[in-house]
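All values below were derived from every heavy atom in this structure, side-chain atoms included, with hydrogens, water molecules and symmetry-related copies excluded.
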Amino acid sequence: MELSDLKGVGKVRLQSLTRAGIVSIKDLLGIMPVSYMDTTSPVRVKDLAEGHEACVEGCLQGAPRLRYLKGLSIVQVQFTDGEAPLRLTWFNQPWMARQFHKDEAVVFYGRVQNYGGSLCMLNPQRVTFKALTPKYAAIENVPGKVLAGFIAQAIDHIDGYFPETLPQRILDDYGLSSRNEAVIQAHRPTDCTTLAAAQRRIGFENLLFYQLAVRLTHKREEAGHRLNVTSKDLSAFRAALPFELTSAQSKTLEEIFCDLTCGRSMNRLLQGDVGSGKTAVAFGAVYLAFRSGLQSAMMAPTEILARQHVATAEKLLAPMGIRCGLLLGGMRAKERREALANVESGEWQLVIGTHALISGSVKYRNLGLVITDEQHRFGVRQRKILGDKAAGDIRPHVLVMSATPIPRTLALILYGDLDVSTIDSMPPGRTPVQTRIVPDNKRGQLYGYIREAAARGEQAFLVCPLVEESLMSEGKNATDMYEDLRTGALKDLRLGLTYGSQPSAEKEETIARFSRGEMDVLVSTTVIEVGVDVPGATIMVIEDANRFGLSQLHQLRGRVGRGKKPSWCFLLGEPNERLTALCATNDGFVIAQKDLDLRGPGEFLGTRQHGRIMPEAYGVTDLKLIEETRSCVEGIVALPQEDLERIQLEQTAVNKYRTALENAAMN
Ligand code: ADP
Ligand code: MG
């Protein structure tokens, strides 16, 4: 059977499918649902959770009422499940007012939202029969519902498309269903129990092969430059710093020292909370490379960050005799030529830049160390590109820095190819940021506080979530917010605005002016999340805080509290377990663990908008599965190299994940 045999697949859709990499029925059936609409098990109104989709069963307490607001129709009706009431609301569906009558027994399915302090269901669908219905993410020109239709047609022809990949022994040991059966159940579940079994099977397979593939790419034994340095050099670096390294920084720097002097190439992740002082540790590595006559390159995710690192290097490394310079994509031709010449001649012993560092025209001189900051994790392929530019045949040492702590269990999976060093305490003299939840009715007071702070010369960030295209989104669009404040509550202050799609020159200019203290308040979307260092900023306001993930909120909070003055983070929204957790601690690892407990590992492992982590997190819903697959992997790699089962499993793993691991950055 071919895709073109499916009803509804014409030339245009076939092209769209092809562009999305779906060229066969097997590819089509390999698309896993993003979620399920479960109308088999109604939830009690008092157990409803904001943001979740759920099914409720009960009756209507009145007749639906229709009104119009600014040309938008709103139908509302009060529903009860006999225990507690729930408001149902439809926007732009005026006909809904005529669909139901008072006291009618009904079942509804929809998203639960917080509306002015009480829960309501927005645009719910009436449920006429109980089922578990898979939902698929749309691909270009093919809405999710249409895709669901194609898959439903194809599912009857599944036989033989999904041969078993796991040996019987593993299926038995871990109680897993067959692969074919699992795929069928994922698309057409009979009930929650069999669906859970199918998800477990598919999740198990993905985790197992992913971990195997990661292990195979991790060639610990690969030769690396053995730096010609001793612990005296390490002490010299310490002594030359304007501050004393914390014990956590010293410990990680020593781990790096061992890597650099053992003759194997370093492949290390340096993780530590925002502000924990990763840069100084990384510069320690640069110093050691420099002492051995090797060049270093440091890659940052944005130009702003790259410039900031250059400024820090001027302060810390230049006095030690290390010459460094900047290389950016958007440089003028002359500047760029000069920069390239300085890199090639070795005039610059440290070159800092953006992605431009790995472009083909850059020639290094004795490149021995590559550092990447924040989000920019290297995939195997990028490492190879830089490796090819390195001195001789030996690839450079690689140090990856991350400010997004992840729990250890997950770190082992995601970074199985890296050794991990953790800076687990902060430099002294910090005043921890205080965090408070601010309900909407205290907004006036908050603005008052910002005005007072501005009068003292302090600055504030104000972050708005991205606006969804959905109707009547309650999200505060950064631009609207800016206009409101500029002409209203904060009209006497100097305000700036920045967001992701702003032209980059304008964005840089705005952020630069804010850093120089020429603005009191910077209204923005999460573009400021990564690394911006503004010591004068003491206030972080986060609108609609419940829309952000915990770890993301923590990252945003890390933008303040960098100076000596006490800093505050204000979370606008209703108090709940998540926000309360954030108020209770400033420790990124505790928060990451909490995030994991609350949301499960799928969110951590799954695709994020920018850069993938684990390509297929489908079915990965519990930590137990992670533990199980890890022990299974241990068993496999303990088998002799020539064991047939091991060879086959490793081959499958490589086939399945090679491209993903080569192309995708690790985060
Ligand atoms: P991050 O880990 O977020 O990259 P940075 O490296 O930018 O953190 O360090 C944050 C700030 O702390 C910088 O201003 C840096 O100079 C300072 N710092 C780093 N280590 C120490 C230390 N041991 N003692 C005092 N200040 C330090
Ligand atoms: Mg940093």
Side-chain angles (χ1 to χ4, degrees), residues 33-136 138 143-146 148-149 152 188-192 195 439-441 467-476 544 546-547 572-577:
V34 282
S35 64
Y36 294 84
M37 175 170 151
D38 178 5
T39 57
T40 63
S41 30
V43 175
R44 293 159 77 176
V45 169
K46 69 181 188 52
D47 295 333
L48 289 178
E50 186 187 346
H52 287 231
E53 292 191 350
C55 170
V56 290
E57 185 167 17
C59 71
L60 298 182
Q61 288 185 308
R65 277 189 315 132
L66 168 67
R67 32 190 197 106
Y68 285 89
L69 194 75
K70 292 184 189 164
L72 193 72
S73 79
I74 304 175
V75 175
Q76 286 187 319
V77 65
Q78 195 78 3
F79 163 96
T80 177
D81 65 352
E83 278 183 340
L86 178 71
R87 191 152 41 124
L88 309 178
T89 305
W90 290 271
F91 288 116
N92 257 2
Q93 302 176 40
W95 58 88
M96 281 298 177
R98 296 185 306 268
Q99 302 283 309
F100 312 106
H101 49 82
K102 187 171 182 305
D103 296 329
E104 185 172 350
V106 278
V107 181
F108 280 107
Y109 183 89
R111 181 175 290 279
V112 181
Q113 303 215 321
N114 187 328
Y115 213 77
S118 58
L119 292 185
C120 87
M121 207 175 250
L122 203 59
N123 300 332
Q125 286 173 260
R126 183 168 198 171
V127 174
T128 45
F129 63 95
K130 299 190 172 183
L132 266 171
T133 315
K135 290 197 201 173
Y136 301 87
K145 283 208 167 127
V146 175
R188 190 191 277 165
T190 29
D191 54 53
C192 290
L195 173 61
D440 211 56
N441 58 15
V467 202
E468 292 170 16
E469 317 90 307
S470 74
L471 275 172
M472 289 280 286
S473 164
E474 289 167 52
K476 310 290 186 297
D544 251 341
N546 278 307
R547 293 201 174 209
L572 281 151
E574 295 303 315
N576 58 22
E577 195 181 346

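Considering only heavy atoms from C-beta on, Val34 stays 4.5 Å or farther from Tyr136 through its side chain. The closest side-chain heavy-atom distance from Gln125 to Met37 is below 4.5 Å. Counting heavy atoms from C-beta on, the side chains of Leu48 and Val56 come closer than 4.5 Å. Contact annotation: the side chain of Leu88 approaches that of Phe108 to within less than 4.5 Å [non-hydrogen atoms, C-beta and beyond]. A heavy-atom distance below 4.5 Å is not found between the side chains of Val75 and Thr89. In this structure, the side chains of Met96 and Pro64 stay at 4.5 Å or more apart for every pair of heavy atoms. The shortest distance between side-chain heavy atoms of Glu50 and Leu119 falls below 4.5 Å. Side-chain contact between Gln78 and Pro85: present, with at least one pair of heavy atoms (C-beta onward) separated by less than 4.5 Å.
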| request: Determine, stepwise, if the pair Ser73 / Gln93 fulfils side-chain contact (heavy atoms from CB on, under 4.5 Å). | output: CA-CA 7 Å; Ser73 79; Gln93 302 176 40; 5.8 Å; no

| side-chain contact (heavy atoms from CB on, under 4.5 Å) between Trp90 and Leu122, worked out | CA-CA 6 Å; Trp90 290 271; Leu122 203 59; over 6 Å; no

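Considering all non-hydrogen atoms of both residues, Pro143 and Ala138 come closest at CA-CB, 3.9 Å. Closest approach of Pro189 to Leu195, counting heavy atoms only: CB-CB, 3.9 Å. When every heavy atom of Ala105 is checked against every heavy atom of Cys59, the shortest pair comes out as CA-CB, 4.1 Å. The minimum heavy-atom distance between Gln99 and Trp95, with the atom names listed, is CG-O, 3.4 Å. Between Asn546 and Glu574 the shortest heavy-atom distance is ND2-O, 3.3 Å. When every heavy atom of Val107 is checked against every heavy atom of Cys55, the shortest pair comes out as CG1-SG, 3.5 Å.
Annotation: salt bridge (charged side-chain N to carboxylate O under 4.0 Å, His left out) contacts involving residues 104-113, sequence neighbours excluded, comprise Glu53-Arg111, Glu104-Arg126. Pairs passing the side chain to side chain donor-acceptor pair (under 3.5 Å) check and including a residue from residues 56-72, sequence neighbours excluded, read Arg67-Gln76.
Applying the salt bridge (charged side-chain N to carboxylate O under 4.0 Å, His left out) rule to Arg188 yields the partners Asp156; only residues at least two apart in sequence or on another chain are considered. Among residues two or more places apart in sequence or in another chain, the side chain to side chain contact (heavy atoms under 4.5 Å, CB included) test is passed with Pro575 by Ile437. For Glu577, the salt bridge (charged side-chain N to carboxylate O under 4.0 Å, His left out) partners at least two apart in sequence or on another chain are Lys594. In this structure, Asp47 has no side-chain hydrogen bond (donor to acceptor under 3.5 Å, both in side chains) partners at least two apart in sequence or on a different chain. Partners of Tyr36 according to the ring pair (Phe, Tyr, Trp, His ring centres under 6.0 Å) rule, which considers only residues two or more places apart in sequence or in another chain, do not exist here. In this structure Tyr109 satisfies the ring pair (Phe, Tyr, Trp, His ring centres under 6.0 Å) test with no other residue, sequence neighbours excluded. By the side chain to side chain contact (heavy atoms under 4.5 Å, CB included) test, Cys192 pairs with Asp38, Thr40, Leu132, sequence neighbours left out. Applying the side chain to side chain contact (heavy atoms under 4.5 Å, CB included) criterion to Asp81, with sequence neighbours excluded, gives Arg44, Val45, Phe79, Glu83, Ala84.
Taking CG of Leu572 as the start and CG of Asp440 as the end, the distance is 6.5 Å to the nearest 0.5 Å. The structure places CG of Leu86 at 5.5 Å from CE of Met121, a figure rounded to the nearest 0.5 Å.
Although no hydrogens or angles enter the test, the distance criterion places a donor-acceptor pair under 3.5 Å between the side chain of Asn123 and the main chain of Phe91. When atom types are taken as modelled, the side chain of Thr39 and the backbone of Val127 share no donor-acceptor pair closer than 3.5 angstrom.
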